[in-house]
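Both counts, for ligands and for their atoms, begin at 1 and track the order of listing. Sequence positions, counted from 1, serve as the residue numbers for this chain. Side-chain atoms are counted along with the backbone in the values below, which use heavy atoms only and exclude waters and symmetry mates. The structure presented is a predicted model; accordingly, all values stated were derived computationally and were not measured.
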Amino acid sequence: MLRSLVILSQDVHRLFGGVVPEIASRQHLTGIVPAVQAALDEAGVTLHDLDAIAVTHAPGLVGALLVGTSYAKALGFAIGVPVVPVHHLEGHLFATLLEQPDATPPFTALLVSGGHTLLLDVPAWGTYHLLGQTRDDAAGEAFDKVAKLLGLPYPGGRPLEALARTSDTGVYRFGKPMVRTNAKPGDDDYFDLSFSGLKTAVLLKVRDAEASGTLDEHRASIAHAFQDAVIGTLTDKVERAVRMFNRKRIVLGGGVACNLALQDSMQQRFATRSAHVFAPSPRLATDNAAMIAAAGLFRFAAGERAAPSLTARSTLPLPGMLRYAVATERPRLAQSTLADSA
Ligand code: KG4
Ligand code: ZN
């Protein structure tokens with residue numbers, strides 16, 4: 001049950017057009033104690049009511065993660081409760097469950113955030129079959145970069161979606177990246193994704209429009225066409241995964257998952273296949289502590305506890321993640337280089 005959710009946004013990064021790691025760490029330092037107190041107050045409990053403390057230790061910006069892990073370990077020691085380490089992406093997988101109790105495995109999962117884009121088959125919590133991932137930019141990163149090209153503020157996903165809504169696809173159309181209609185299961189590009197080529201295509205169109213003095217007039221149409229291309233690719237890849245494993249549930253996670261055009265596209269595509277699409281509400285789609293607590297509860301019940309040596313890691317594969325080898329239909333262990341970027 002979700003008893004409280006406190007999010008401290010670091011608006012200062014807007015000034016720089018991206019996250020400045022040093023500033024992020026400092027803001028974590030000053031924000032963590034009041035944020036925890038506010039969360040306890042909102043839930044109507046005190047520190048002494050807690051059974052365990054879940055903390056995300058990886059992957060991400062080490063400075064910010066270190067503040068959280070150090071604080072969690074110190075607090076756990078002080079009040080005598082165990083600390084449970086949680087992988088950030090596992091948190092995103094659990095986010096929807098907080099509001100929609102049926103968002104449970106087995107399901108196809110699409111994780112689309114600022115740092116990651118992963119397509120997974122999830123037969124059970126803790127067992128994650130990696131089908132595909134981005135080969136370059138994450139979906140959210142592509143939204144942020146294209147938003148910047150269009151003169152929108154950071155982070156650009158939400159403003160870009162709002163701008164795209166003001167236009168129909170008109171003059172502009174971009175091809176869906178990495179979608180070959182004759183691709184077969186087992187082909188490298190069957191599930192993988194890529195957004196950097198699309199980003200370059202947008203850049204060229206923006207430059208052309210600037211040169212002809214028509215950018216203002218076409219900004220919304222470019223945004224719409226870019227968003228269509230990203231959503232088209234994501235929906236096609238999810239459909240391939242749903243078909244292969246015959247899943248009846250699809251769970252979206254990560255900041256991009258609150259994009260309503262993406263949610264609509266998924267709902268429409270799967271309405272006839274009678275697969276249910278679960279998407280988190282915006283407050284649970286973007287980074288938050290409640291999703292870390294939800295995943296932490298699962299790990300806590302499984303008996304996992306942090307060692308005193310727990311530390312922050314900038315990269316770490318999702319625990320329980322196997323690379324699904326489509327050709328042999330047998331999952332094999334993920335290598336540490338897979339899906340472990342921050
Ligand atoms: O999951 P998240 O909060 O942080 C990471 O773990 O990265 O995701 C943030 C990303 C940003 O790239 C942001 O632009 C994107 O999610 N985002 C959106 C929308 N809202 C946030 N992208 C597209 N449409 C949105 N409505
Ligand atoms: Zn995230």
Side-chain angles (χ1 to χ4, degrees), residues 5 7-11 13-14 17-19 21 24 28 55-62 64-65 68 86-96 98 109-118 133-134 136-150 152-166 193 195-196 198-199 202 223-235 251-266 279-295 313-316 318 339-342:
L5 175 55
I7 297 177
L8 292 189
S9 298
Q10 300 193 356
D11 292 333
H13 301 292
R14 233 162 248 214
V19 173
H28 274 74
V55 64
T56 187
H57 65 119
L61 293 174
V62 166
L65 292 171
V86 174
H87 190 283
H88 180 79
L89 291 183
E90 191 164 49
H92 277 303
L93 283 175
F94 274 83
T96 308
L98 286 163
L110 177 69
L111 285 183
V112 271
S113 71
H116 296 89
T117 302
L118 300 184
Q133 60 187 332
T134 181
D136 37 63
D137 291 349
E141 192 179 355
F143 267 94
D144 293 340
K145 287 176 176 169
V146 166
K148 194 169 185 177
L149 289 176
L150 295 172
L152 299 170
Y154 175 87
R158 195 175 289 206
L160 193 146
E161 181 187 5
L163 178 64
R165 207 175 300 128
T166 65
L193 297 135
F195 299 107
S196 77
L198 172 62
K199 187 185 62 191
V202 175
H224 193 110
F226 161 77
Q227 184 174 266
D228 271 358
V230 173
I231 290 174
T233 295
L234 293 175
T235 311
V251 171
L252 309 179
V256 183
C258 60
N259 183 296
L260 293 180
L262 172 68
Q263 292 182 16
D264 285 352
S265 161
M266 295 278 178
S281 62
R283 66 185 190 142
L284 289 168
T286 47
D287 288 350
N288 66 84
M291 70 183 194
I292 301 302
R313 301 268 303 268
S314 63
T315 64
L316 188 75
L318 185 58
D340 61 354
S341 63

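At a cut-off of 2.8 Å, H92 is counted among the residues with an N, O or S atom near the Zn ion (ligand 2).
The closest protein non-hydrogen atom to atom 22 (N) of ligand 1 is G157 CA, 3.3 Å. When hydrogens are left out, the protein atom nearest atom 10 (C) of ligand 1 is G114 N, 3.5 Å; that is the closest non-hydrogen contact. The protein heavy-atom contact nearest to atom 24 (N) of ligand 1 is N259 ND2, 3.0 Å. The nearest protein atom to atom 26 (N) of ligand 1, hydrogens excluded, is given as E161 OE1, 2.8 Å; this is a heavy-atom distance.
If you number the atoms of ligand 1 from 1 as listed, the ones under 4.0 Å from a heavy atom of H92 come out as 1 (O), 6 (O). Those atoms of ligand 1 that come under 4.0 Å of a heavy atom in S113, given as number and element, are 1 (O), 5 (C), 6 (O), 7 (O), 8 (O).
Between Q227 and ligand 1 there is no heavy-atom distance shorter than 4.0 Å.
Considering each of G255, A162, G60, the one bringing a non-hydrogen atom nearest atom 16 (O) of ligand 1 is G255. In this structure, of L111, L262, D287, D144, the residue bringing a heavy atom nearest to atom 13 (C) of ligand 1 is D144.
Contacts of H116 with ligand 1, taken as heavy-atom pairs under 4.0 Å, are absent altogether.
Residue L160 forms a side chain to side chain contact (heavy atoms under 4.5 Å, CB included) with just one option from V230, L152, N259, and that option is L152. Partner of K199 under the salt bridge (Lys or Arg N to Asp or Glu O under 4.0 Å) criterion, chosen from D144, D136, D137: D137.
Among all heavy-atom pairs drawn from G60 and L65, the shortest one is N-CD1, 3.5 Å. Here the closest heavy-atom approach between residue T96 and residue L252 is recorded as OG1-O, 3.5 Å. In terms of heavy atoms, T117 sits closest to A138 at OG1-CA, 3.3 Å.
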(request) Using the side-chain contact (heavy atoms from CB on, under 4.5 Å) rule, take R158 and F143 through it: C-alpha gap first, then chi angles, then the decisive distance, then the call. (result) CA-CA 9 Å; R158 195 175 289 206; F143 267 94; over 6 Å; no

